[in-house]
Amino acid sequence: MTDQVVPRLRFAPAPTGFLHLGSARTALFNWLYARHTGGELVLRVEDTNAELARPELIDNIYESLEWLGIDWDGEPVRQSQRDHLYQEAIDRLVGDGRAYEDDGAIRFRVGDAGSTSWDDVVRGTVTFEHEHVEDFVIRRSDGSATFFLANAVDDLDLGITHVVRGEDLVNVTPKVIMLRRALGATDLPVFAHLPLIVNDKRKKLSKRRDDVSLASYRERGIIAPAMANYLALLGWGPPDDVEVRPMSEIVELFELTDINASAAMFDLKKLTAINGDYIRAMSVDDLADAIRPYIDAEPWGPGVDDESLRRVVPLLQERAKLLEEAPGIVDFLFFDDPEIDEASWQKIMTTETALPMLDAVVTAYADIEWTSHDLHAATLAAGEALGLKLGKAQAPVRVAVTGRTVGPPLFESLEMLGRDESLRRIEAARTRLT
RNA sequence: GCCCCCAUCGUCUAGCGGCCUAGGACACCACCCUCUCAAGGUGGCGGCACGGGUUCAAAUCCCGUUGGGGGUACCA
């Protein structure tokens with residue numbers, strides 16, 4: 001009884017113009033299992049009408065999956081090109097008396113007797129009594145096949161062995177099983193109905209009120225491996241408690257039987273935290289490339305050359321959790337004048353020691369070697385002369401030069417800004433103070 | 001309404017009858033480190049929905065209650 005059949009999975013999205021987070025997770029789980037078992041993953045595009053068959057919508061699916069790192073085997077299957085198969089199946093069903101015409105549509109006859117059940121990997125045995133399943137349409141009056149029919153025909157025809165999909169499809173499963181059997185199949189694929197991804201109201205993620213597009217997270221600066229890693233954690237967990245890890249390891253550990261049955265809330269905070277982990281682990285060059293578009297989107301951005309960008313990356317790398325945050329962390333380095341945050345000014349520059357400290361630093365900075373090391377030493381000494389620890393001493397300088405109380409390491413920032421510009425900003429602050 | 005499913009810290013999860021005075025992660029709080037902020041380190045807060053069984057023993061098995069969700073289209 002050892003079936004050595006190679007698992008064959010499929011991901012079957014409808015081209016809606018964007019990949020839904022839930023769909024992305026479904027794609028990922030299919031992919032994980034296929035790769036884990038050395039099986040195959042078929043990409044089946046459910047472009048069942050002319051509007052959905054538009055090339056740009058389908059390309060969007062390819063691009064989204066590729067971004068996430070999900071590949072598939074063979075050419076994508078397009079349902080729009082398989083109508084002849086569906087029509088054949090419908091004719092056969094009608095011929096066999098399993099389906100009948102009703103107001104121009106064709107319905108599959110379910111009847112009231114018996115039940116259909118299957119052993120779901122995630123949910124155990126699920127049973128539907130036929131008396132609760134209505135006769136359902138398999139061909140619309142316009143001649144097109146419905147989802148149920150196409151689904152059953154394709155899974156059979158493509159030799160799909162494992163159906164991994166969202167829980168919102170459990171109720172269609174008995175229909176698909178009935179069709180499959182009516183079409184002559186004696187076997188059933190393995191079914192695994194994944195728990196839904198829900199919002200903070202515990203409702204299924206909806207396009208209307210939730211940010212469900214994979215692309216929108218990408219735009220905000222979630223990087224692909226972080227997203228894939230996080231998605232893998234929704235409904236599944238590694239046996240060793242190591243959550244953030246390379247996808248290759250997740251492929252190795254992943255099992256359908258380990259998937260949870262209960263809905264998982266999409267937690268942007270956790271996603272963001274994981275994203276920060278990945279950002280910190282990037283090389284300077286890779287991170288520089290990754291934030292380039294975000295820099296360029298700033299008014300001051302396009303002028304920043306690659307060399308400068310790379311120098312600045314270490315300053316923001318452990319401070320940015322989202323790529324989109326990157327420009328705001330180092331922008332002051334590229335302004336003609338720092339944008340002074342008034343709250344910061346009020347907090348720091350109104351202290352008695354602010355002006356004396358700036359005075360001291362102007363003198364001290366005049367003829368030191370312009371390195372972060374010497375700047376550090378000079379600032380420390382200037383502060384001590386005023387009875388200030390470094391923490392207090394550096395504050396006015398920071399506000400004068402960066403415009404804020406918080407930011408990247410001050411002395412590295414000063415080093416990058418250069419002596420002339422740094423002193424110019426400090427002078428400007430002194431002028432404002434006196 | 002009817003059908004189906006779900007139920008461990010606020011959230012994601014580990015647990016698959018004894019290793020559990022329930023482990024990890026995110027979030028939160030405190031402390032340490034420290035030029036600010038981060039990052040990092042240490043510690044803390046916090047949970048098996050409830051009620052019955054079964055068993056020597058239940059977070060783990062069964063039943064019920066309650067709560068939540070999904071589906072109820074000639075959409076997919």
Short side-chain N/O contact from A:K204 to OP1 or OP2 of B:G71, under 4.0 Å | yes
Less than 3.5 Å between a donor and an acceptor, one on the side chain of A:E243 and one on the base of B:G24, is that the case here?
-> yes
Within the structure shown, what part of the strands sits under 4.0 Å from A:D240 by heavy-atom distance: base, sugar-phosphate, or nothing?
-> nothing
Counting any heavy atom closer than 4.0 Å, what does A:R123 reach on the DNA or RNA strands: base, sugar-phosphate only, or nothing?
-> sugar-phosphate
Atom NZ of A:K175 to atom C1' of B:G70: distance rounded to whole Å?
-> 14 Å
Would you kindly give the NZ-to-C1' distance between A:K203 and B:G68, to the nearest whole Å?
-> 9 Å
Paired with A:R107, the side chain to side chain contact (heavy atoms under 4.5 Å, CB included) test is passed by just one of A:I138, A:D102, A:T146, namely A:D102
B:A76 phosphate, OP1 or OP2, under 4.0 Å from A:T48 side-chain N/O = yes
Describe the nucleic acid contact of A:V133 in one word from base, sugar-phosphate, nothing, applying a heavy-atom distance below 4.0 Å.
-> nothing
Nearest to side-chain heavy atoms of A:D267, which nucleotide of B:G68, B:A76, B:C26 | B:C26
Check whether any side-chain N or O of A:R398 sits under 4.0 Å from OP1 or OP2 of B:C37, and answer yes or no.
-> no
Heavy atoms, side chains only, cut-off 4.5 Å: are A:V121 and A:F191 in contact?
-> no
A:L268 side chain reached by A:D211 side chain, heavy atoms, under 4.5 Å = no
For A:K392, answer base if it contacts any base atom (sugar-phosphate contacts may also be present), sugar-phosphate if it contacts only those atoms, and nothing otherwise; contact means non-hydrogen atoms under 4.0 Å.
-> nothing
Using distance alone, with no hydrogens and no angle criterion, decide if A:R398 and A:T402 have a side-chain donor and acceptor under 3.5 Å apart.
-> no
What integer distance in Å separates A:R44:CZ from B:A76:P?
-> 13 Å
Write down the distance separating the C1' atoms in B:A58 and B:G17, rounded off to the nearest Å.
-> 6 Å
What distance, rounded to whole Å, do you find between the two C1' atoms, one in B:A25 and one in B:A14?
-> 11 Å
If we take the C1' atom in both B:A27 and B:C12, what is their distance in whole Å?
-> 11 Å
Hey, is the side chain of A:E412 pairing donor to acceptor with the base of B:C35 inside 3.5 Å?
-> yes
Grab the CG-P distance between A:L410 and B:U34 for me, whole Å please.
-> 18 Å
Checking all strands, does A:G235 fall into the base, sugar-phosphate, or nothing category for heavy-atom contacts under 4.0 angstrom?
-> sugar-phosphate
Checking all strands, does A:F136 fall into the base, sugar-phosphate, or nothing category for heavy-atom contacts under 4.0 angstrom?
-> nothing
When you measure from every atom of RNA chain B, which of residues 137-156 of chain A have a heavy atom less than 4.0 Å away?
-> A:V137, A:R140, A:S141, A:F147, A:F148
Are A:T16 and A:H20 close enough that some pair of their side-chain heavy atoms sits under 4.5 Å apart?
-> no
Quick one: label A:P195 by what it contacts on the DNA or RNA (base, sugar-phosphate, nothing), any heavy atom closer than 4.0 Å.
-> nothing
Answer with base, sugar-phosphate or nothing: what part of the nucleic acid does A:D120 contact at a heavy-atom distance below 4.0 Å?
-> nothing
Is any side-chain nitrogen or oxygen of A:N260 closer than 4.0 Å to OP1 or OP2 of B:U13?
-> yes
Using atom P of each nucleotide, how far apart are B:C5 and B:C62 to the nearest Å?
-> 13 Å
Taking atom P in both B:G64 and B:G71, compute the distance separating them and give it to the nearest angstrom.
-> 25 Å
Report the distance from atom CD of A:E101 to atom P of B:C74, rounded to the nearest whole Å.
-> 15 Å
Check: A:D241 side chain, B:G23 base, donor-acceptor under 3.5 Å | yes
Would you say B:A39 has OP1 or OP2 under 4.0 Å from some side-chain N or O of A:K321?
-> yes
Just call it for A:L233: base, sugar-phosphate, or nothing, with non-hydrogen atoms closer than 4.0 Å on any strand.
-> sugar-phosphate
Does any donor-acceptor pair link the side chain of A:R107 with the base of B:C74 at a separation under 3.5 Å?
-> no
Rounded distance (Å) that lies between atom C1' of B:C37 and atom CD1 of A:I329 | 9 Å
Side-chain donor/acceptor contact of A:K270 with base of B:A25 under 3.5 Å = yes
Geometric class of the A:W370/A:Y365 ring pair [parallel <30°, tilted 30-60°, perpendicular >60°] | perpendicular
Once the angle between the rings of A:F254 and A:W236 is folded into 0 to 90°, is it parallel (under 30°), tilted (30 to 60°) or perpendicular (over 60°)?
-> tilted
Report yes if the side chains of A:Q87 and A:R82 come closer than 4.5 Å at any heavy-atom pair, otherwise no.
-> no
If pairing requires Watson-Crick or G-U wobble contacts with both distances under 3.5 Å, which nucleotide is the partner of B:G1?
-> B:U72
Using the closest heavy atom to pick a nucleotide of RNA chain B for each, name whichever of A:H132 or A:L52 lands nearer the 5' end.
-> A:H132
Apply the ring-ring contact (aromatic ring centres under 6.0 Å, His included) test between A:W72 and each candidate in A:F11, A:W31, A:Y62; give the one that qualifies.
-> A:Y62
Send over the distance from A:E167 CD to B:C6 C1', rounded to a whole Å.
-> 7 Å
Can you tell me how far P in B:C50 sits from the matching atom in B:C33, rounded to whole Å?
-> 43 Å
Indicate yes or no for a side-chain donor-acceptor contact from A:N229 to the backbone of A:P225 under 3.5 Å, with no hydrogens or angles considered.
-> no
Take atom CD of A:E46 and atom P of B:A76, then tell me their distance rounded to the nearest Å.
-> 9 Å
Answer with base, sugar-phosphate or nothing: what part of the nucleic acid does A:A264 contact at a heavy-atom distance below 4.0 Å?
-> sugar-phosphate
Given B:C75, is OP1 or OP2 found less than 4.0 Å from the side-chain N or O atoms of A:N49?
-> no
Sticking with atom P, work out how far B:A59 lies from B:C48, rounded to a whole angstrom.
-> 11 Å
Flag the pair A:I291 / A:L309 as yes when at least one side-chain heavy-atom distance between them is below 4.5 Å, and no otherwise.
-> yes
